[in-house]
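Have a look at the structure below, then the notes.
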Amino acid sequence: MKALNLKSMSWIMALAMMFIVSFTGCSDDDGENTPGEKIEFPTLQEATCNADGTITISFKATVDWKLTSNAGWCKFVDGEFTQSSITGKAGEQTITAKISGDGQNYSDDNVAEITLTLGEKEQVIYKITRPKKVFNGLTIKDENGNVYNTENPIIIKGSGYEKIDVVYTTILTESEFEVGISTSENPDWIKVENKGEGKFNLTFNNDNTEGIDPKYSISTEKGHKLVFGVQTTNEGLINVSVPVAYEGLKENVLLFKPEYINALTVNPEGTVFTETSSGSMEGTEGVKYENQLSSTITVRDDKFHVLKITEIKTPAMGTYFYTYDVTQEPDWVTVVEEGTKLTLTVATLPEGAELRGAAILVIPEVIWNKIKDTDLQATLFTRDNDNGAPMDYLNDEYLDYMWTHFTQEPKEEEITSNITFKAFYIENPVSNWNSITENDLKEFDGDENMLVNYNMYTENGSLEPANNPSNNIWSASITKSLLTNKKSILFLAVGTIPDNYTFDQISSYNWIGHWADGASHTYVTIEKKIINKKEYVVITGTDEINTTSPYSQMSVGVSISDDYGYTAAAECIIGCYD
């Protein structure tokens, strides 16, 4: 093995080795990355700041750093100066960015990106949005002078479904420039009508292409805006937008499909609802509904309240009087709600129970919330005591909310009758009835003066009065000549008259008293006479009938009267003609 001979090495090589040892022993203190140091960027943040505002940017740097803004209107505060970039050493940092109005316009928002550089890496850590300029050359108000803005949005009022039930939301604009509303930039559910001089009428567009139903409200959370265009001199066309919402269908509108307009009666079993003509004691039966009533409700936002109240039906003076008690809910009536569909059923009337009635109101929730804590009886109804019996009238503003009202009555006792009628006339006026015998009576000949059983020519009994359960109806047709010059016609009931029934006039239909031409007219007098121990109802003409025919009808018959009017075992309707 050879020993190292330093003397044989070049002096230049020895000097180089000394320099290498010297540099390896120095520390890194000139700002370059320390070997193994991890670089992490903060999470991206976004903020909005108006012109002349400031934003604070905080971050932690593990090495020397640099912030750069790509927008001239967003600069960093560095002492007394602002600049587009700023640098610093590692550590916790808080930098202020100042937002200026340079380059700001009325049509566009601007976004600045803040980039952080760490070592040889860089990343956007902040996005700052500067909203477009607020145009102060336009004021938008309602009719009461309230200013619309972001905090006070435009609310489109609700209309009804009919063209005659349109409610306008009127807005007034004030500007030194021309103002318009662009239909192309606004929601299709808004219909705009320019009335000129800065006035606009807004309504919901029922024919909108978006398929939005006018009964549903639209909140500001949906983000709809109404855009106004202002044609300025220097800036050109400037758009100003205001949040807009819709309150839904007109608050007091409620529709039923189908409707049950007429009063109804329900059979004791609760299985058949039958329409009756309103208020008449002699109303004819109408449409029948089996087992239940069912309707679909149309109302704002599908929200409503069902109110069941007791109806009291009282007969008096040849008609019915209705009163209502909102404190008594008819528990024998069941109403089931399935969304907007209502279904009503009625329980069986207990054996021996009396007539009972109910009325069902369906009230929009908006209206219900206004009245539910009031005296509902006084709020909903007005009572009239001036017509011989108390009568409750539903106040006008609530008439459309009456879904249905009905009575359930005990089964009527069947009445059978073998009674027939005969009709006669006397050829001359009678001055002394005691002298009249059956030989003086001329029976109707069936030609000009006719008496027939009414059922012979009524189709399916459709014209029969409803208060004749025996279905024993007759018809007499006479010429006026039988009553002129105070002559008389006579009617005789043949058969067994039930207990408590009487044979007499039932109704007059203007024969006895009729107001015409400013005067009261009396065409006939009616009385009962005994001829050969038989009781006749006698109708005698007055002088009034000589010149004028009554052109109407009256009836006689075998009947009984009670609180409900009369019930006939047999009835004869008499018509008089020229």
Side-chain angles (χ1 to χ4, degrees), residues 417-454 468 470 472-514 519-561 565-578:
S417 174
N418 61 355
I419 297 173
T420 60
F421 292 102
K422 289 187 176 182
F424 307 89
Y425 64 93
I426 299 179
E427 294 179 328
N428 299 302
V430 177
S431 58
N432 180 10
W433 281 97
N434 292 327
S435 64
I436 298 298
T437 67
E438 291 182 329
N439 293 330
D440 298 312
L441 306 182
K442 308 294 184 181
E443 191 166 358
F444 280 17
D445 54 21
D447 188 6
E448 291 184 344
N449 308 306
M450 182 171 58
L451 175 67
V452 297
N453 188 298
Y454 195 75
N468 192 310
S470 69
N472 188 359
I473 311 297
W474 293 67
S475 175
S477 176
I478 66 170
T479 58
K480 185 179 72 173
S481 61
L482 292 186
L483 295 172
T484 55
N485 300 320
K486 298 183 180 180
K487 294 193 296 249
S488 303
I489 59 174
L490 302 87
F491 288 87
L492 176 66
V494 180
T496 303
I497 296 179
D499 293 342
N500 300 319
Y501 279 65
T502 59
F503 176 47
D504 205 342
Q505 171 197 355
I506 293 180
S507 59
S508 65
Y509 298 96
N510 294 336
W511 272 42
I512 295 178
H514 177 58
S520 178
H521 298 271
T522 301
Y523 300 113
V524 297
T525 60
I526 301 174
E527 56 188 338
K528 290 199 285 188
K529 300 292 183 181
I530 303 297
I531 302 174
N532 194 25
K533 298 181 181 182
K534 298 175 184 177
E535 185 178 59
Y536 293 81
V537 173
V538 180
I539 303 173
T540 303
T542 67
D543 290 336
E544 295 271 2
I545 207 170
N546 290 338
T547 56
T548 306
S549 291
Y551 297 111
S552 190
Q553 296 176 332
M554 65 174 295
S555 66
V556 297
V558 176
S559 65
I560 186 172
S561 298
Y566 76 90
T567 299
E571 184 172 3
C572 181
I573 300 171
I574 309 163
C576 177
Y577 308 94
D578 278 335

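For residues 429-440, every residue pair satisfying the salt bridge (Lys or Arg N to Asp or Glu O under 4.0 Å) rule, not counting sequence neighbours, is listed here: Glu438-Lys534. For residues 482-493, there are no salt bridge (Lys or Arg N to Asp or Glu O under 4.0 Å) pairs, not counting sequence neighbours.
A search for salt bridge (Lys or Arg N to Asp or Glu O under 4.0 Å) contacts involving Lys442 returns nothing, not counting sequence neighbours. Glu535 is linked by a salt bridge (Lys or Arg N to Asp or Glu O under 4.0 Å) to Lys528, counting only residues two or more places apart in sequence or in another chain. For Thr540, the side-chain hydrogen bond (donor to acceptor under 3.5 Å, both in side chains) criterion is met by Ser488, not counting sequence neighbours. Legend: residues meeting side chain to side chain contact (heavy atoms under 4.5 Å, CB included) with Thr502, ordered by chain and number and at least two apart, are absent. Legend: residues meeting side-chain hydrogen bond (donor to acceptor under 3.5 Å, both in side chains) with Lys422, ordered by chain and number and at least two apart, are absent. Residues passing the side chain to side chain contact (heavy atoms under 4.5 Å, CB included) test with Asn485, sequence neighbours excluded: Asn546. Annotation: side-chain hydrogen bond (donor to acceptor under 3.5 Å, both in side chains) contacts of Glu443 (sequence neighbours excluded): none. Evaluation of the side-chain hydrogen bond (donor to acceptor under 3.5 Å, both in side chains) rule for Glu427 yields no partner, not counting sequence neighbours. Under the side chain to side chain contact (heavy atoms under 4.5 Å, CB included) criterion, Ala493 pairs with Ile419, Phe421, Phe503, Val558, not counting sequence neighbours. The side chain to side chain contact (heavy atoms under 4.5 Å, CB included) check on Asn432 picks up Asn434, Ser435, with sequence neighbours excluded.
Between Ala569 and Asn472, the closest heavy-atom pair is O-CB, 3.4 Å. Between Ser477 and Phe444, the shortest heavy-atom contact is O-CE2, 4.5 Å. Contact record, Asn453 with Ile473: OD1-O, 3.4 Å, taken as the closest heavy-atom pair. Scanning all heavy atoms of the two residues, the minimum distance from Thr437 to Ile531 falls at C-CG2, 3.9 Å.
In this structure, Leu441 CG and Leu492 CG are separated by 9.5 Å, a value rounded to the nearest 0.5 Å. Expressed to the nearest 0.5 Å, how far CG of Leu490 lies from CD1 of Ile436 amounts to 9.0 Å. Of the inter-residue distances, the one linking Ile497 atom CD1 with Ser559 atom OG reads 10.0 Å to the nearest 0.5 angstrom. Here the straight-line distance linking atom CZ of Phe424 with atom CG of Leu451 works out to 9.5 Å at 0.5 Å rounding. One distance of note links CG of Leu482 with CD1 of Ile489; it measures 6.5 Å at 0.5 Å rounding. From Phe491, atom CZ reaches atom OG of Ser555 across 10.5 Å, with rounding to the nearest 0.5 Å.
Side chains of Val430 and Val538 form no contact here, defined as non-hydrogen atoms less than 4.5 Å apart. Ile426 places a side-chain heavy atom less than 4.5 Å from the side chain of Trp433.
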